[in-house]
Amino acid sequence: ARYAHVLSSELGIAKGERVAVQVEKSPQALFLYLACLRAGLIYFPLNTAYPRAELDYFLGDAEPQVFICAPQTLPMAQELAIARNVPHVYTLDADGSGSWTERCQSAQTAFDTVVCQADDTATLLYTSGTTGRPKGAMLSHGNLAANSLTLHHAWGWQDGDVLLHALPLFHAHGLFVACHCALLNGSSMLFLPKFEARALMNWLPQATVFMGVPTYYTRLLAEADFGRQHCANMRLFISGSAPLLEQTFTAFQERTGHTILERYGMTETVMNISNPLNGPRHAGTVGLPLPGVSIRIIDDQGNDVDVGHIGRLLVKGDNVFKAYWRRPEKTAEEFTTDGYFITGDLALRDEDGYITLVGRSKDLIITGGYNVYPKEVERCIDLLDGVIESAVIGVPHNDYGEAVVAVVVKDKDRADVTDESLRVALETQLGGYKIPKRIIFTAELPRNAMGKVLKNVLRDEYCYQSAVGRGA
């Protein structure tokens with residue numbers, strides 16, 4: 001109420017105006033988000049890793065009235081605010097201190113919540129912008145409410161649940177999925193500033209629900225003493241924001257006795273699909289459409305594909321955003337005439353209705369006229385002995401148009417795992433055109449803050465290197 005009063009009554013920020021926030025995780029940062037919702041303002045979270053140039057673009061595009069930043073970035077924030085006509089700049093530190101909390105200490109503790117309609121914009125989240133300038137997805141109060149209520153029921157939240165929260169707050173996963181479920185349930189949250197495996201292991205016995213990205217699970221498994229004793233009180237482990245490797249799914253199940261629930265969502269839609277709480281959770285799939293979410297998988301002509309066939313994934317429901325910020329032409333491009341959002345993901349549906357993602361449509365490789373879906377090749381490579389993980393990309397090739405290239409992280413002690421040995425192993429599993437023309441070994445794959453592999457970075461790095469090797 002104090003925060004909302006200062007924003008609305010003292011600073012005079014009107015309903016529908018933006019509040020930009022680039023701060024470290026803290027309870028006060030969560031209060032700030034809730035205050036914006038209460039005051040009818042549009043909350044605009046920014047990744048703490050964004051550098052000056054990106055911040056300049058975001059502030060110019062969104063035109064916020066307030067910019068709340070970390071104390072150490074204040075000089076830069078003030079310069080950008082002057083350049084972009086942002087009238088108010090405050091600081092908020094990870095410990096809750098800063099000029100923002102000081103400003104609010106003496107504010108009134110009563111505030112009449114501003115009435116918002118379901119279609120009113122609640123938050124502005126920018127996409128990653130891997131294929132051009134980032135776009136701002138406008139999520140409405142109705143979008144957030146519909147999704148949160150659905151997840152609260154689908155994942156069986158109950159009295160006594162405690163959420164162990166190690167995700168960042170600038171992302172939909174940590175804010176709209178994790179926090180919303182716990183808040184709707186009236187649950188306590190164990191609020192970790194960031195993910196650290198040892199710290200997480202110490203807190204797990206006091207929690208019942210944990211949500212993480214796949215990297216969190218692999219790092220837990222890398223701790224030799226991590227096991228059932230840490231998870232005895234746990235009810236549910238959930239994974240998302242990036243694909244969960246099948247070997248991670250299986251290893252976690254064997255080590256802890258818990259089966260990770262994998263689900264699928266996007267910035268523009270929050271959650272769409274989830275493995276069931278009660279029922280089989282299939283490794284490598286993201287599960288079944290959530291209640292209220294309709295999906296289609298179509299071919300290039302717009303026809304629904306048969307079971308087991310790969311196509312373009314479309315979604316529709318009250319969870320789907322209404323528009324891109326000030327981009328009506330882009331909004332129109334991303335929706336079908338019957339109102340489905342074009343996710344840009346390729347997927348297939350099995351006979352039980354479970355959805356498997358096979359990659360982004362922009363990642364599709366066309367080599368010699370044949371379509372190669374990177375996920376299919378990655379799944380085969382990842383299951384080979386000595387391989388930790390892989391990413392498959394297409395690079396320009398004079399003869400084939402594109403050549404399949406695999407970037408592989410292997411066990412550092414396995415000198416026997418070579419380009420040749422992996423391609424020989426793949427010959428029994430994949431058609432010849434799908435086998436990588438070149439396999440590149442690396443210590444780690446580039447990822448964004450939520451653990452997604454940045455294939456655009458890999459393509460930029462290797463696109464000018466010829467795809468050499470057998471068959472090239």
Side-chain angles (χ1 to χ4, degrees), residues 7 13-23 29 32-33 36-37 39-69 77 80-81 83-88 116-147 168-177 180 241 265-272 315 318-335 341-345 360 362 448-450 452 456:
L7 288 167
I13 312 303
K15 179 181 178 181
E17 292 189 310
R18 279 73 59 207
V19 177
V21 179
Q22 189 192 37
V23 299
L32 179 58
Y33 162 64
C36 288
L37 294 184
L41 308 178
I42 298 175
Y43 185 75
F44 175 28
L46 292 161
N47 190 321
T48 53
Y50 284 144
R52 183 187 185 104
E54 289 186 280
L55 287 175
D56 183 54
Y57 166 73
F58 290 128
L59 296 178
D61 194 60
E63 296 183 330
Q65 292 297 299
V66 183
F67 183 21
I68 299 179
C69 65
L80 292 175
R84 292 299 186 177
N85 298 313
V86 181
H88 305 286
C116 290
Q117 303 303 314
D119 219 27
D120 288 338
T121 301
T123 185
L124 184 63
L125 262 69
Y126 277 73
T127 62
S128 57
T130 55
T131 57
R133 278 295 201 180
K135 308 176 295 293
M138 302 162 62
L139 291 167
S140 70
H141 287 265
N143 295 149
L144 298 180
N147 203 258
L169 284 184
F170 55 72
H171 191 271
H173 191 171
L175 189 56
F176 304 146
V177 182
H180 280 187
S241 294
M266 299 183 70
T267 299
E268 292 93 339
T269 65
V270 198
M271 291 299 103
N272 302 304
V315 301
D318 290 340
N319 58 306
V320 177
F321 80 131
K322 60 179 185 178
Y324 288 114
W325 175 255
R326 295 175 175 172
R327 300 282 293 276
E329 74 295 337
K330 190 62 180 174
T331 302
E333 289 174 12
E334 300 299 330
F335 282 88
F341 175 61
I342 304 168
T343 67
D345 286 309
R360 298 287 291 169
K362 65 178 174 18
N448 66 12
M450 298 308 295
K452 288 184 180 177
N456 58 312

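Worth knowing before you read on, the calculation uses all heavy atoms, side chains too, and leaves out hydrogens, waters and symmetry mates. Heads up: numbering here begins at 1 and tracks the sequence.
- Atoms CD1 and NE2, on Ile68 and His88 in that order, are 11.0 Å from each other to the nearest 0.5 Å.
- Listed for the Asn143 side chain is a donor-acceptor partner under 3.5 Å among the backbone atoms of Ser140.
- Rounding to the nearest 0.5 Å gives a distance of 9.5 Å between CZ of Arg326 and CG of Leu124.
- Considering all non-hydrogen atoms of both residues, Val270 and Leu139 come closest at CG2-CD1, 4.3 Å.
- For the pair Ile342 and Glu333, the tightest heavy-atom approach, listed with the atom from each and the gap, is CD1-O, 3.7 Å.
- The shortest heavy-atom contact between Tyr57 and Pro134 is OH-O, 2.8 Å.
- With respect to Glu329 and Arg327, a salt bridge is recorded, a charged nitrogen being found less than 4.0 Å from a carboxylate O.
- Under the side chain to side chain contact (heavy atoms under 4.5 Å, CB included) criterion, Ala172 pairs with Leu125, Phe176, not counting sequence neighbours.
- The CD atom of Gln65 sits 9.5 Å away from atom CG of Asn85, with the distance rounded to the nearest 0.5 Å.
- For Tyr43, the ring-ring contact (aromatic ring centres under 6.0 Å, His included) partners are Tyr33, not counting sequence neighbours.
- Side chain of Trp325 to main chain of Tyr126: no donor-acceptor pair is present (N/O by atom type, distance under 3.5 Å, no hydrogens or angles).
- Using bins of under 30°, 30° to 60° and over 60° for the plane-to-plane angle, the ring pair Phe335/Phe341 lands in the tilted bin.
- Interatomic distance, Leu32 CG to Leu37 CG, rounded to the nearest 0.5 Å: 10.0 Å.
- Side-chain contact between Phe44 and Cys36 is absent, with no heavy atoms from C-beta onward closer than 4.5 Å.
- For the residue pair Ile42 and Gly16, the shortest heavy atom distance occurs at CD1-O, 3.1 Å.
- Nearest heavy-atom pair across Leu59 and Ala20 is CD2-CB, 4.1 Å.
- Between the side chain of Gln22 and the main chain of Asn47, a donor-acceptor pair closer than 3.5 Å is present.
- Looking at residues two or more places apart in sequence or on another chain, you find no side-chain hydrogen bond (donor to acceptor under 3.5 Å, both in side chains) involving Asp318.
- A distance-only check finds a donor-acceptor pair linking the side chain of Asn319 to the backbone of Met271 [under 3.5 Å].
- Side-chain atoms of Asn272 never come within 3.5 Å of backbone atoms of Gly265 as a donor-acceptor pair (strictly under, hydrogens ignored).
- Atoms CE and CG, on Met266 and Asp345 in that order, are 5.5 Å from each other to the nearest 0.5 Å.
- Distance alone, capped at 3.5 Å, places no donor-acceptor pair between the Lys362 side chain and the Gly344 backbone.
- In this structure, Gly60 and Arg84 approach most closely via the heavy-atom pair CA-CD, 3.5 Å.
- With hydrogens and angles disregarded, a donor-acceptor distance shorter than 3.5 Å links the side chain of Arg18 to the backbone of Ala62.
- Remark: Lys135 qualifies as a cation-pi partner of Tyr324 under the 6.0 Å distance and 45° angle criteria applied to the six-membered ring.
- Here Leu80 contributes atom CG and Cys69 contributes atom SG; the two are 9.5 Å apart, rounded to the nearest 0.5 Å.
- You'll find the side chain of Leu169 stays beyond 4.5 Å of the side chain of Pro45, heavy atoms only.
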